[in-house]
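Any value given below was found using the heavy atoms of this structure, including those in side chains, with hydrogens, waters and symmetry copies removed. Chain letters run A, B, ... following the sequence lines, proteins first, then strands; residues in each count from 1. Worth saying up front: this structure is predicted, and the values here are computed from it rather than measured.
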Protein chains: 2
Amino acid sequence: MKVGKRMTRPRKLVVDALSKNDKPMTAQEIYSKMKNKADLASVYRTLELMTKNNLVQEYEFGDGKKRYELVNGHEHHHHLVCQHCGNVEDVEMKEGELMEKVANKSGFKIERHNLEFFGLCQDCQ
Amino acid sequence: MKVGKRMTRPRKLVVDALSKNDKPMTAQEIYSKMKNKADLASVYRTLELMTKNNLVQEYEFGDGKKRYELVNGHEHHHHLVCQHCGNVEDVEMKEGELMEKVANKSGFKIERHNLEFFGLCQDCQ
DNA sequence: GTTTTTGCAAACTTTTTGCATGCGG
DNA sequence: CCGCATGCAAAAAGTTTGCAAAAAC
């Protein structure tokens, strides 16, 4: 890891779990992948640390659980969340101009945005 | 209300609280506004009912609480959430073409999307 | 050796649920 | 009246926290 922090086993396990998955994961999902080799609380603490240091990005898809995805390697992107099967696909799109317009006309200093789509994937239509 | 459902006091109170506020409210906030005149559980049940019937729209701004806003009257819009003071402003933007592109290239049947911006409002910059 | 991090257990917060009672139409 | 909706209380579910023990460096 980095950030002047220690590279411990629980942290390795979290990174490991996240990097083996291509979809955002909940804390529970990450925890399940590491079979008692670290505590759930450590998972949460690690995710908080990594989120603050922009190593992971946090998402909410509306079911009350936060999901996390490694930033490393991933382009900036958004998600298509199937409301039937729960599957998640990545979408990339160039929304740059749109964001600029919002920034300009609002006077807000926009640091990040979440854009998620909900609907039905091809299999579920 | 409608939906073939009964217009009861708790439901009136929820609609009332929501219509007197111009920002999305949490269940707790709604509950607080109605001073023991209805139960929190009824607030949740009402919000669920109204969400399913598209009378309210549900949002998540990343703090683990769901927020609700009356659809009635409001144009389709998005939010600017200040990460410092928590204030929420509405933004309107024409993102139509962008949405179409995503729909076309993904094969997803998109039913709705959430787009929220996080940053610093003018006062907090 | 000292500081950071962990595991465990307990607490907290938000949301959901069961059930007997009560209100709306 | 009759069934849907409510209040209350208890339970889920997700996340956070305190603290002594253990691991990094």
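As rounded to whole Å, 10 Å separates atom C1' of D:dT6 from atom CZ of B:R11. At whole-Å resolution of the value, CD in A:E60 and P in D:dG14 are 13 Å apart. Regarding A:K12, its NZ atom lies at a distance of 15 Å from the C1' atom of C:dT4, rounded to whole Å. Atom C1' of nucleotide D:dC25 and atom CZ of A:R9 are separated by 18 Å, given to the nearest angstrom. For the pair A:K37 NZ and C:dC8 P, the interatomic distance rounds to 15 Å; values are reported in whole Å.
Note on B:K33 versus B:E29: no salt bridge recorded, every NZ/NE/NH1/NH2 to OD/OE distance being 4.0 Å or above.
Under 3.5 Å, the side chains of A:Q57 and A:H77 contain no donor-acceptor pair of N or O atoms. In summary, the side chains of A:H76 and A:H74 do not present any donor paired with an acceptor at a separation below 3.5 Å, with no hydrogens or angles considered.
Residues B:Y44 and B:L70 are members of one and the same hydrophobic cluster, defined by side-chain heavy-atom contacts under 4.5 angstrom among Ile, Leu, Val, Met, Phe, Trp and Tyr. Side-chain heavy atoms closer than 4.5 Å link hydrophobic residues (I, L, V, M, F, W, Y) into clusters, and following such links, possibly through other members, connects A:L40 to A:M25.
Distance check: B:S42 OG to B:K37 NZ gives 14.5 Å after rounding to the nearest 0.5 Å.
For the helix from C:dG1-D:dC25 to C:dG25-D:dC1, the rotation axes defined at the first and last 5 base pairs enclose an angle of 40°, given to the nearest 10°.
Between B:T8 and D:dA5 there is no side-chain polar atom (N or O) within less than 4.0 angstrom of OP1 or OP2.
If you run side chain to side chain contact (heavy atoms under 4.5 Å, CB included) between B:L18 and each of B:V14, B:V15, B:D16, B:D22, only B:V14 comes through.
Hydrophobic cluster membership for B:F61: B:Y59, B:V81, B:V88, B:F118 (Ile, Leu, Val, Met, Phe, Trp, Tyr linked by side-chain heavy atoms under 4.5 Å, directly or transitively).
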### Summary
Readout for nucleotides 10-22 of chain C: B = base within 4.0 Å of protein heavy atom, S = sugar-phosphate only, - = neither; 5' to 3' it is ----SBBBB----
